[in-house]
Amino acid sequence: MIYGYKRPLAGDELGEQQLLDIQLDQLFIEAHPFAKKRHTLEELLMIIQPGDEIVVENLVVLADSLHQLLDVLNVLAKDFVQITFLEEQLSNSTVLQLSLAETVTLFSNLQTQLKSHTTTFGLAEAKKAGKTIGRPKKSDENLRKAFDMYQSKTHSLLDIKNETGISKSTLYRYIDDVNKISHEEEKHSKLE
């Protein structure tokens with residue numbers, strides 16, 4: 001049997017761009033994009049038999065981490081099931097003859113895609129739940145006070161943090177922003 005498996009991905013939330021024009025005996029579609037409770041994948045892994053094949057669009061469809069990918073590949077190897085990754089043009093029966101740099105590139109790209117997938121859907125869920133996204137906003141008053149203390153050169157960074165609650169990284173980010181604005185204003189005035 002040839003099984004297809006797909007799930008929502010960043011940029012293909014409905015799975016419409018996966019497994020196009022592929023002949024399958026049965027298609028399994030995961031209802032959600034998240035790592036946990038992948039019931040459809042579990043169902044597929046329970047029914048496969050030696051000699052079956054699973055086809056997925058790419059590595060990210062199958063796993064949310066390298067560890068999870070390895071776990072699934074080990075299950076498939078023990079069950080003598082082939083899996084084909086269309087985008088990467090790989091299967092678990094392919095003998096790779098890649099250089100170390102090519103292998104690292106493959107897994108580096110996979111890691112980037114996994115992070116993008118997780119971040120995209122994690123942010124969407126957080127917004128849906130009404131959570132604030134991004135860094136917590138520091139009060140402008142505290143930032144100005146920290147900046148003035150820094151400019152006075154009479155306070156240590158620890159003193160500034162203890163008095164204002166502004167960390168070194170936040171202070172430096174604010175200083176960079178102020179310097180960028182000053183530089184842009186200076187550049188603009190020279191043009192006039």
Taking [X] for the side chain and [Y] for the main chain, is one N or O donor matched with an acceptor at less than 3.5 Å?
X    : Y    : answer
D12  : L9   : no
N92  : I83  : yes
D25  : Y3   : no
T119 : S116 : no
E13  : G11  : yes
H155 : E163 : no
T170 : I166 : no

Stepwise side-chain contact (heavy atoms from CB on, under 4.5 Å) test for L157 and Y150: CA-CA 7 Å; L157 291 171; Y150 179 81; 4.1 Å; yes
If you compare all heavy atoms of [X] against all heavy atoms of [Y], which two are closest, and at what distance to 0.1 Å?
X   : Y   : answer
Q82 : T84 : NE2-OG1, 3.3 Å
H32 : K36 : CE1-O, 3.0 Å
P8  : A31 : CG-O, 4.1 Å
L27 : L19 : CD1-CD1, 3.7 Å

Just verifying a value: how many Å separate [X] [atom1] and [Y] [atom2], rounded to the nearest 0.5 Å?
X    : Y    : atom1 : atom2 : result
F147 : L171 : CZ    : CG    : 8.5 Å
M1   : L24  : CE    : CG    : 10.0 Å
I22  : E57  : CD1   : CD    : 7.5 Å
L90  : L59  : CG    : CG    : 6.5 Å
T164 : D159 : OG1   : CG    : 10.0 Å
E30  : L62  : CD    : CG    : 10.5 Å

Heavy-atom neighbours of Q23 CD exceed 12 at 6.0 Å: no
Are [X] and [Y] in one and the same hydrophobic cluster, where Ile, Leu, Val, Met, Phe, Trp and Tyr link if side-chain heavy atoms are under 4.5 Å apart?
X    : Y    : answer
L70  : V72  : no
V56  : M46  : no
M149 : Y172 : yes
V104 : L66  : no
I29  : L44  : no

Taking only distance into account, with no hydrogens and no angle test, what donor-acceptor pairs under 3.5 Å do side-chain atoms of residues 105-112 form with protein atoms, sequence neighbours excluded?
| residue | atom | partner | partner atom | Å |
| --- | --- | --- | --- | --- |
| T105 | OG1 | A101 | O | 2.7 |
| N109 | ND2 | T105 | O | 3.3 |
| T112 | OG1 | S108 | O | 3.1 |

Quick one: are [X] and [Y] in side-chain contact, heavy atoms under 4.5 Å?
X   : Y   : value
L76 : I48 : yes
F28 : I54 : no
Y5  : Q18 : no
L86 : V55 : yes

Side chain to side chain donor-acceptor pair (under 3.5 Å) partners of residues 58-75, not counting sequence neighbours, each pair once: R7-D64, R38-D64, N58-E87
Worked verdict on K145 versus E141 for side-chain contact (heavy atoms from CB on, under 4.5 Å): CA-CA 6 Å; K145 183 176 182 180; E141 182 181 320; 5.7 Å; no
